[in-house]
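Data block below; observations after.
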Protein chains: 2
Amino acid sequence: MGEFPTVTDVARVAGVSRQTVSNVMNTPGIVKADTRARVEAAISALGYRPHASARRLRTRRSSTIGIRLDPMIDGISGSVLDRFLHALTEQADARGLRVLLFTATSPEDEISQFRRLNDGADVDGFVLTSTTADDPRTEWLLEQGIAFVTFGRPWRSDDFTAPRHPWVDVDGYSGLHAATRAQQDAGATRIAYIGWPSPSGTGDDRRRGWHDAMLERGDVSAEDLACLEVVTADGVDQGAAAMQQLARTAGGIDAVLCASDALALGAMIANPARVPVTGYDNTPIAAAIGLSSVDQPVDEVAAAALELLAGEFEGKSGAPSDPAPPPFRMVTPRLITRQFAAIPRDSVPVNALVSEVSR
Amino acid sequence: MGEFPTVTDVARVAGVSRQTVSNVMNTPGIVKADTRARVEAAISALGYRPHASARRLRTRRSSTIGIRLDPMIDGISGSVLDRFLHALTEQADARGLRVLLFTATSPEDEISQFRRLNDGADVDGFVLTSTTADDPRTEWLLEQGIAFVTFGRPWRSDDFTAPRHPWVDVDGYSGLHAATRAQQDAGATRIAYIGWPSPSGTGDDRRRGWHDAMLERGDVSAEDLACLEVVTADGVDQGAAAMQQLARTAGGIDAVLCASDALALGAMIANPARVPVTGYDNTPIAAAIGLSSVDQPVDEVAAAALELLAGEFEGKSGAPSDPAPPPFRMVTPRLITRQFAAIPRDSVPVNALVSEVSR
DNA sequence: CGGTTTTATTTGATCGATCAAACTTTTTCT
DNA sequence: AGAAAAAGTTTGATCGATCAAATAAAACCG
């Protein structure tokens, strides 16, 4: 009575066999209409729910994807991954997939988690974040033939056109290109960039966006351009220090673009001249302070990741000959322009302080 | 060859029976030492991993807990739940548990997700966040006898001493009491409070902490105390508006305490007098701006939640007579004191801007 | 040493669903 | 109408592990 009904119970009530009940749930098309109606009535009458583990045991499918929850980087930029996780969970839900979390302390540890979750049939595939060049994790997953997608392109040039695994990424190049154009269109010519030391896949990509946009316009010479760039580690303090360095060495500056919101926040703090500052990631802090920022559309990324992952599932279960190369998807970010709303010298009407200009 | 080994394979290699292999994994104590060694050798030789779904089917245990990922509230305060999720996943991992995410658009939707995950044997129990008084979710879970813990106490007085379900919460009262004391010890007497409209379980709790600390010290009369309080919805803009209201109506103020970091950030923006502001939740934004804040120790909360949930598993599987009331745990928050580091009028050495004074 | 208890190991059944193949009924076509 | 094809339904086997009960081996004891 208190126990859960099974297919057999439903079959008995509906006056059919187990398999017909199974067919109603999985391949309704091959069941005669009135039989199906009878079975469906029995299902809802009994409140029947299929036992997920039993199904997984038989089908060797879990309808679950695994994702590592990173150990909280700095809390500011880290929120992008949190937003991505939110989006991924929602999109997964819409596709009937579930998201299983795990943690790991190192790439090796993560690989052993991959093995555990895969061998235990806990997950069908993985979503990887924060990939690096020659990532040991992607190598291992490829060897094992385990389905996965990365949020982050493979950072080796030869992988770009014919990647060895599916990936989704945000086009940081065009994000910064657009941000630069926006400032130029507003009349700025001397636009500085605060970025990360090379080699950094994402960092170099963003820097090139700024760099090319500057060269294309030709407002400043190539030598001047070098003076407008500061390289530093990520962080609020570093951003402030970089801004001070720019003030000393670069002379007049019309605008500053940063590789992250953390840097941008720092730059804004050390910014008595109120030069417009643009960050990257559109974190809550940027919205709160009124900082322009390049927004990564995590919903699109999540949707694309799941789509590619679903394609992987097909491929793995299908014929061994798989001539089509893994697909990839480049997502274009959006520039969120806000009024520069630093904390004012004097009290000012609040509505004017924090306002989003375009979206 | 390419297939996964099963217990039967291990048994064959080790020259024992299936069940002995199972015993080595689940109840190693009852297997003779040398037999166990032989089995363990075979396990690692074959790289055997138990099939999680098969085990779950038989044992009716999933070693997985479900938690709803809320649809991203405002991005500032929401990060507390993200931090909690991080902590929960790590602690769960240490206990051999996994965390399964799901989303829901309403309490009813969430209940149907509960049913789906529970009936499908996907999870053993749930962790609930953002509970309210007479929460329909807790009622339903209690009815069904499904194991769960809430992060958030039951907000009804009669539930407090003998709660109907286990819970963990952070003692917002003492958090604000301590924050008030800290300002008083620094010489402040007129300390304002910006909070949320009543009834709000967490909000009222925090407010009382400030209120009592003020009355205990007796620096201001009860009438004056009312003038020092502003009630508003959560948000940066609202915080700024509240601060301006205080400036108009409350006269001189020595310090401001807020029910959230979002309010505190707003208060700081509309704060030309540089009155010390204290927030709640110790979000990244507070750390970045240099805002004092009450920190919720999410690690402790997560550990306690899992401990109580484990106790629930015991209870459910054991005898039907369960006279002990569900346990609960109140966690004390920490006050993080920072130098007030608003964006300065003029450029100032950066290191002096963002510094954490105590921890 | 024989009998009893304790300890160690094995066998058969089972969890709940789906697959593969057999079987029955209906439809199609000459 | 009768044979062949298609559609609908049922039966037996299976996924991989654990439980319950049966058996075998070892330890205890007067």
Side-chain angles (χ1 to χ4, degrees), chain A residues 2-40 42-43 46-64 96 116-122 124 317, chain B residues 2-40 42-43 46-64 96 116-122 124 317:
Chain A
E3 288 309 305
F4 301 124
T6 71
V7 268
T8 309
D9 298 319
V10 175
R12 183 162 20 77
V13 171
V16 297
S17 70
R18 307 189 305 281
Q19 185 60 36
T20 300
V21 177
S22 175
N23 287 337
V24 168
M25 311 209 69
N26 299 297
T27 42
I30 71 167
V31 180
K32 208 160 41 168
D34 61 339
T35 311
R36 184 171 56 221
R38 204 144 30 91
V39 171
E40 279 165 350
I43 285 177
L46 293 176
Y48 165 76
R49 299 268 152 189
H51 193 289
S53 293
R55 170 178 289 171
R56 289 208 273 265
L57 172 60
R58 195 65 180 89
T59 61
R60 303 183 147 282
R61 282 245 175 146
S62 66
S63 297
T64 303
R116 198 168 56 88
L117 294 172
N118 186 67
D119 291 4
D122 275 314
D124 290 338
S317 64
Chain B
E3 288 309 306
F4 300 125
T6 71
V7 268
T8 310
D9 299 319
V10 175
R12 185 163 18 79
V13 170
V16 297
S17 71
R18 306 189 305 281
Q19 185 60 37
T20 300
V21 177
S22 175
N23 287 336
V24 168
M25 310 209 71
N26 299 299
T27 42
I30 70 167
V31 181
K32 207 161 41 168
D34 61 338
T35 310
R36 184 170 56 220
R38 206 145 29 93
V39 171
E40 279 166 349
I43 286 177
L46 293 176
Y48 166 76
R49 299 268 150 190
H51 193 289
S53 293
R55 169 178 290 171
R56 290 207 272 265
L57 172 59
R58 195 64 180 87
T59 62
R60 304 185 146 284
R61 282 247 175 141
S62 66
S63 296
T64 302
R116 197 169 57 88
L117 293 172
N118 186 67
D119 290 3
D122 275 313
D124 290 336
S317 64

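Naming convention: chains lettered A, B, ... in sequence-line order (proteins, then strands); numbering from 1 in each chain.
Applying a 4.0 Å cut-off to non-hydrogen atoms, the residues of residues 18-31 of chain A that approach DNA chain C are A/R18, A/Q19, A/S22, A/N26, listed by residue number.
A salt bridge does not link B/D124 to B/R56: none of the charged side-chain nitrogens sits closer than 4.0 Å to a carboxylate oxygen.
Of the possible donor and acceptor atoms, one in the side chain of A/D9 sits under 3.5 Å from a partner among the backbone N and O of A/T6. Under the 3.5 Å distance criterion, the side-chain polar atoms of A/D119 are left unmatched by any main-chain donor or acceptor of A/R116. Listed for the A/T27 side chain is no donor-acceptor partner under 3.5 Å among the backbone atoms of A/G29. Panel note: side chain B/R49, backbone A/G120; no donor-acceptor pair is recorded below 3.5 Å. Checking side-chain atoms of A/T20 against main-chain N and O of A/V16 turns up no donor-acceptor pair under 3.5 Å.
Within the nucleic acid shown, B/T35 comes within 4.0 Å of sugar-phosphate atoms alone, with no base atom in reach, counting heavy atoms only. Counting non-hydrogen atoms under 4.0 angstrom, B/R49 reaches the backbone sugars and phosphates but no base.
Mapping B/R38 and B/R58 onto DNA chain C by nearest heavy atom places B/R38 closer to the 5' end of the strand. Nearest-nucleotide assignment on DNA chain D puts the 5′-proximal partner with B/L57, out of B/L57 and B/K32.
Of all nucleotides in DNA chain D, those with any atom nearer than 4.0 Å to a heavy atom of chain A start and finish, going 5' to 3', at D/dG8 to D/dG16.
With a 4.5 Å cut-off on side-chain heavy atoms, A/V13 and A/Y48 do not count as touching.
Of the candidates A/D34, A/V31, A/V21, A/V39 forms a side chain to side chain contact (heavy atoms under 4.5 Å, CB included) with just one, namely A/V21.
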